[in-house]
Amino acid sequence: MKINWKKLEEKWRRKWEKAKIFEADPDPERKKCFVTFPYPYMNGPLHVGHGFTATRVDVYARFKRMQGYNTLFPWAWHWTGEPIVGAALRVKMGDQKEIRALKVIDGVPEEKLKKLVDPVYMAQYYTRESKKAVRRIGYSIDWRREFHTTSLEPTFSRFVEWQYNTLREMGYVAKGTHPVVWCPNCESPTGDHDRLEGEGVSPEEYTLIKFPFNNSYLPAATFRPETIYGVTNMFINPEATYVEAQVEDEKWIISKQAAEKLVEQLRKVKIEREFKGIELVGKFFRDPITKRKLPILPGWFVNSDSATGVVYSVPAHAPADWIAIKDLVENPGRLQEVGLDPGIVKNIKPISMISVEGFGEYPAVEIVKQLKIKDQFDPKVEEATNILYKKEFHTGVLKPICGKYAGKLVKTVKTELIEDFVKDNIADSIYDIPQEVICRCTTRCLVKILADQWFLLYSDPEWKIKTHEAADKANIYPETARSYFHDRMDWLREWACVRRTGLGTPLPWSPGWIVETLSDSTIYMAFYTINKHIKQHGIKTEQLSGKVFDYIFLEKGNVKKVAEDSGVEPAILEEMRAEFLYWYPVDLRISAKELIPNHLSFFLFQHTALFPRELWPRGISVNGMVMIEGAKMSKSKGNFVTLKNAINQHGADATRLTSILGAQGMDDPDWREKNASSTNVKLQSFHNFLNQLTKNSGRKEITSLDLWLLNAIQKRIHQVTEALETLKTRTAAEVGFFEIWNDIRWYLRRVRKPNQIVLNQVVNIWIRLLTPFIPYTCEEFWYLMGNRDFISTTDWPSYDKSKINVEAEESESLVKNLLEDTLNIIKATEITPKRICYYVSAPWKWNVYLKSLEKSTPIRVTLGNLIKELMTDPELKSMAGSVTKFVKETLDEINRMPDDRKKRRLQSVMNEKKILKEAKRFLEREFNVTINIYDEEDMQRYDPKKRASIAKPYRPAIYME
RNA sequence: GCGGGGGUGUCCGAGUUUGGUCAAAGGAGACAGGCUUAGGACCUGUUGGCAUAGGCCUGCGCGGGUUCAAGUCCCGUCCCCCGCACCA
């Protein structure tokens with residue numbers, strides 16, 4: 001019988017929604033549980049990655065709900081930011097790649113496509129589609145609290161305005177400047193995702209050493225200002241265009257491009273004259289430290305696009321400089337071209353100023369030789385530079401020539417040196433990008449310093465301390481993520497929290513700025529608690545003043561006054577305040593681990609800023625990022641599985657279970673089509689299996705096997721519950737689904753007729769344990785078993801210690817071991833037995849065995865001591881030979897047995913013969929043989945090969961023929 | 001570079017905190033048998049090597065060490081993945 005999942009899912013979803021079982025309202029009588037999932041960004045459909053994380057949230061929500069917690073799982077949509085606008089724009093421009101992705105991956109129908117040129121329509125479209133998927137997969141959501149972000153949901157915007165006004169009043173938001181990678185065409189910062197080229201490149205601050213030249217300066221850019229002590233000359237590209245410019249109140253000579261850059265970096269620049277670099281070649285400048293006069297040489301390798309286009313040369317320590325000089329020496333013709341006396345170049349001698357392990361006086365000269373670098377255009381120059389820079393930075397010590405910095409490690413003195421140089425007006429700085437960055441619009445980017453930018457001051461030391469405290473207090477799953485949090489919090493600095501473009505909420509005090517996407521999503525969980533009221537009571541945007549939020553969230557002000565001013569009934573205000581306090585704090589938030597450094601940290605930061613300690617988040621869980629067929633999920637590469645498609649293909653429960661079984665902890669789960677369809681098949685068999693189980697009409701009396709199964713299921717309850725409490729969702733699903741299945745399978749194999757009452761009990765527990773993972777299947781079966789309530793809201797199975805039965809477990813493991821041993825013998829001997837005899841140990845062996853166990857607890861016992869001890873027993877003494885032989889054979893095993901096992905064996909001594917007799921029919925069936933069971937010393941026994949004497953406690957002797 | 005997470009059998013993946021039922025759970029795949037009109041269904045067995053009696057050998061990235069005992073603890077070493085900001 002093939003199951004129609006779609007129909008089954010539909011049926012139960014309707015019933016759940018009709019009965020409103022997931023709508024949660026405050027109930028002071030009950031403990032509450034508030035779980036959240038970061039609202040997904042609506043520039044595309046939900047994918048199985050969202051599904052994985054959100055399913056973990058839902059599993060926990062359903063688990064807690066069944067445990068009796070009043071559980072709230074709300075949902076919302078994130079519209080804030082640039083990408084939706086960008087995507088809509090690309091559709092408008094007819095970008096084929098974008099359109100193809102929409103059609104093929106997202107499955108957007110043709111007629112909708114035209115409308116997607118409008119970002120708002122796009123957001124609405126994906127929100128609608130995604131909501132369908134979220135409902136279909138069966139998340140237990142209270143939709144009354146749903147919303148989306150940006151000014152298009154004005155009530156939420158009011159909330160964000162309140163949040164930022166409050167943060168500003170508290171001094172956590174401030175104005176500042178900041179360098180960004182900037183596209184002059186788009187007139188906006190160019191993030192990684194908006195780049196055609198230069199991913200991961202960010203602005204770097206170069207130090208400029210200002211070398212006096214006539215009445216002006218040549219500001220040469222460097223990451224290694226300490227090397228100024230080794231300067232021998234300057235390189236200028238003779239073919240590049242340079243300018244003489246007034247920069248503030250100094251005259252600088254820099255490349256034309258550099259002058260343009262400085263303008264973007266808030267410098268006052270006035271270009272006075274443009275000229276070719278060759279004009280400078282052959283002239284002399286001064287070293288600002290020693291005042292030496294040094295020459296300017298032609299450097300065709302100098303990139304005028306990079307920094308200032310002015311480069312000073314340190315041939316002793318910079319391979320590029322050394323090789324450039326060498327080139328000039330070897331090609332006097334080139335010097336003549338530019339009218340330079342070769343003698344000047346020949347006279348240049350490297351100046352050694354850093355001593356570094358493994359190198360002599362002139363490391364650059366050595367490394368050029370080692371790597372066999374041909375000339376300044378050899379690609380190996382870069383490699384040489386990297387090696388040497390790294391080495392000199394970490395292990396290099398400045399030589400006496402370096403004045404007050406002599407004897408110090410480069411690494412430790414660098415910052416101080418730069419500060420000194422700036423103070424002495426020897427140095428300045430410029431920002432630049434070390435590699436080319438090209439915007440999506442094909443424009444070349446540069447660094448711009450944004451003025452009037454607003455920042456969240458995550459650098460504030462007190463705020464940091466409080467947030468660390470919040471991270472310490474919260475439950476974090478897995479625990480290994482905690483140090484990651486602390487580390488990232490230390491590292492966070494000012495965060496630019498507003499943008500010029502994209503959808504969002506305008507910054508209340510500064511129109512033209514929009515609260516940036518990661519900054520309007522930090523405390524919005526509080527909004528869920530009151531959005532229900534806003535909708536129910538039709539509260540208008542303009543009624544939601546700062547005072548209203550102040551009252552609800554911070555209990556500031558007088559209700560009556562607030563009510564009067566806002567026009568919101570005092571009772572409603574009080575209700576909202578109460579509802580907020582009921583649900584807050586957030587008990588659990590789950591996201592992928594990529595959000596730890598930003599979103600989840602901001603979430604903690606802002607809660608500590610705005611709310612008292614008792615409302616700080618209680619729990620955070622992170623998980624890995626979903627891979628598709630072993631590779632990173634990527635829409636542009638087509639390696640992308642939408643949630644909707646997964647559900648269509650495999651059904652909701654299979655999609656849930658496949659995701660959950662994929663991974664836990666910080667590991668990345670791998671979504672494989674094959675796994676999902678195999679899970680689907682497994683769920684079908686699960687359904688059939690349950691049908692069979694409950695149709696059986698077996699016996700009524702309780703046997704030890706029934707006790708064993710009841711014991712086993714109790715252990716499983718314990719395991720699953722424990723795993724879920726600590727968000728080990730994979731373990732929980734694995735134990736709940738597969739291990740219990742195997743338990744029941746074993747039971748059915750062992751018993752001839754199952755006990756139907758026991759089986760029903762076990763099935764009843766089983767499907768309840770599985771409800772969080774596969775709610776539709778379980779709901780259906782719960783109904784088929786005759787229940788008329790929802791399994792989704794029924795009680796979670798509770799662990800009943802009284803049903804734990806060590807004896808049943810031990811007897812069963814005796815049978816399992818015996819079965820294994822017997823099989824092993826059959827395999828080794830390759831005989832097909834017709835008859836098998838088992839011989840259980842003689843009483844004296846048990847006597848010795850138990851005494852040995854006792855003596856070896858808790859510390860190991862030696863053979864000699866043990867035998868001495870045993871010989872005090874006259875009966876054993878009379879058979880000293882056998883006893884010694886037996887002890888020799890068993891002592892090793894006994895000594896290496898873990899203590900708790902020893903204790904267990906001492907506590908319940910089993911009757912082997914009785915157990916084997918009970919298992920006789922089973923074993924006969926298994927091996928298709930006749931079985932005889934004897935006492936080891938039974939005079940009547942059949943024992944042609946004299947095997948009986950091998951018997952040990954827990955290990956009957958075996959004979960077969 | 002800084003920080004985080006890892007390396008286990010054909011594959012995926014537990015186990016490592018608290019050393020001992022660990023030749024190593026569970027799943028997938030493969031093989032064999034059973035059931036069946038049929039089955040991408042189900043059940044049973046096998047799936048590191050050797051072995052005509054329940055055993056032995058090898059084994060958890062690599063090299064050492066601690067211990068009666070190490071996948072698990074210690075030291076060293078190699079390799080892989082992820083994040084690093086104005087962007088969701």
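Proteins get letters first, then strands, A, B, ... in listed order; numbering begins at 1 in each. All values derive from a computational prediction rather than experimental measurement. Only this structure's heavy atoms are used, side chains among them; waters, hydrogens and symmetry mates stay out.
Using a 4.0 Å cut-off, no side-chain N or O of A/N742 falls inside it from OP1 or OP2 of B/A25. Close to B/A88, at under 4.0 Å from its OP1 or OP2, lies a side-chain N or O of A/R499. Residue A/K632 places none of its side-chain N or O atoms closer than 4.0 Å to OP1 or OP2 of B/C81. Proximity of A/R749 to the phosphate of B/G45: a side-chain N or O atom is located under 4.0 Å from OP1 or OP2.
Candidate nucleotides B/A85, B/G3, B/G26 were compared by shortest atom distance to the side chain of A/E734, and B/G26 ranks first. Side-chain atoms of A/T480 lie closest to B/G5 of the nucleotides B/C84, B/G5, B/A51. Of the candidate nucleotides B/U44, B/A88, B/C84, B/U44 has the atom nearest to the side chain of A/R745. The listed nucleotides are B/A28, B/G26, B/G5; the one nearest the side chain of A/S678 is B/A28. Residue A/Y41 places its side chain closer to B/A88 than to any other of B/A14, B/A88, B/A85. Checking B/G3, B/G54, B/C81 against the side-chain heavy atoms of A/D668 singles out B/C81 as nearest. In this structure, of B/A51, B/G3, B/G26, it is B/A51 that holds the atom nearest to the side chain of A/K827. The side chain of A/R947 sits closest to B/A53 out of B/G3, B/A53, B/A88. Among the nucleotides B/U44, B/G26, B/G4, the one closest to any side-chain atom of A/F738 is B/G26. With B/G27, B/C42, B/A88 as the candidates, the nucleotide lying closest to the side chain of A/S685 is B/C42.
Rounded to whole Å, the distance from CG on A/L600 to C1' on B/A88 is 13 Å. B/C43 atom P lies 17 Å from atom CZ of A/R925, rounded to whole Å. Atom CG in A/L866 sits about 20 Å away from atom P in B/C68, given to the nearest Å. Nucleotide B/G5 holds its C1' atom 15 Å from the CD atom of A/Q664, rounded to whole Å. Going from atom CH2 of A/W741 over to atom P of B/G27 covers 10 Å, rounded to whole Å. Atom CG of A/L657 and atom P of B/A28 are 12 Å apart (whole Å). The CE atom of A/M625 sits 19 Å away from the P atom of B/G4 (whole-angstrom rounding). Taking atom CG on A/D670 and atom C1' on B/C12, their separation rounds to 8 Å, with Å as the unit.
In RNA chain B, runs of at least 3 stacked Watson-Crick or G-U pairs (N1-N3 plus N6-O4 or O6-N4, or N1-O2 plus O6-N3, all under 3.5 Å) give these stems: B:1-7 with B:78-84, B:10-12 with B:26-28, B:29-34 with B:42-47, B:48-50 with B:55-57, B:61-65 with B:73-77.
In this structure, A/Y524 and A/F37 approach most closely via the heavy-atom pair OH-O, 3.5 Å. Nearest heavy-atom pair, A/K635 versus A/P45, reported as atom, atom and distance to 0.1 Å: NZ-CD, 3.7 Å.
Contact check on A/E812 versus A/R750 returns a salt bridge, with a Lys/Arg side-chain nitrogen under 4.0 Å from an Asp/Glu carboxylate oxygen. A salt bridge is defined here as a Lys NZ or Arg NE, NH1 or NH2 lying under 4.0 Å from an Asp or Glu carboxylate O, and A/R716 with A/D743 meets this definition. Remark: A/R749 engages A/E926 in a salt bridge, criterion side-chain N to carboxylate O under 4.0 Å. Ionic pairing of A/K945 and A/E961 is not present here: no N-O contact between side-chain nitrogen and carboxylate oxygen is shorter than 4.0 angstrom.
A tilted orientation is assigned to the rings of A/F737 and A/F686, their planes being inclined by 30° to 60°.
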List the steps and the verdict of ring pair (Phe, Tyr, Trp, His ring centres under 6.0 Å) for A/F223 and A/Y389. CA-CA 10 Å; A/F223 285 131; A/Y389 275 26; 8.4 Å; no

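Within the 4.0 angstrom heavy-atom criterion, no nucleotide atom of any strand lies near A/E479.
For the contact set between residues 953-961 of chain A and RNA chain B, defined by any heavy atom under 4.0 Å, the members are A/R955, A/P956, A/A957, A/I958, A/Y959, A/M960.
Partners of A/K632 by salt bridge (Lys or Arg N to Asp or Glu O under 4.0 Å), not counting sequence neighbours: none found.
When only modelled atom types and interatomic distance are considered, A/N623 and A/T53 share a side-chain donor-acceptor pair under 3.5 Å.
For A/N865, the CG atom counts as densely surrounded, since its 6.0 Å shell holds more than 12 non-hydrogen atoms of other residues, nucleotides or ligands.
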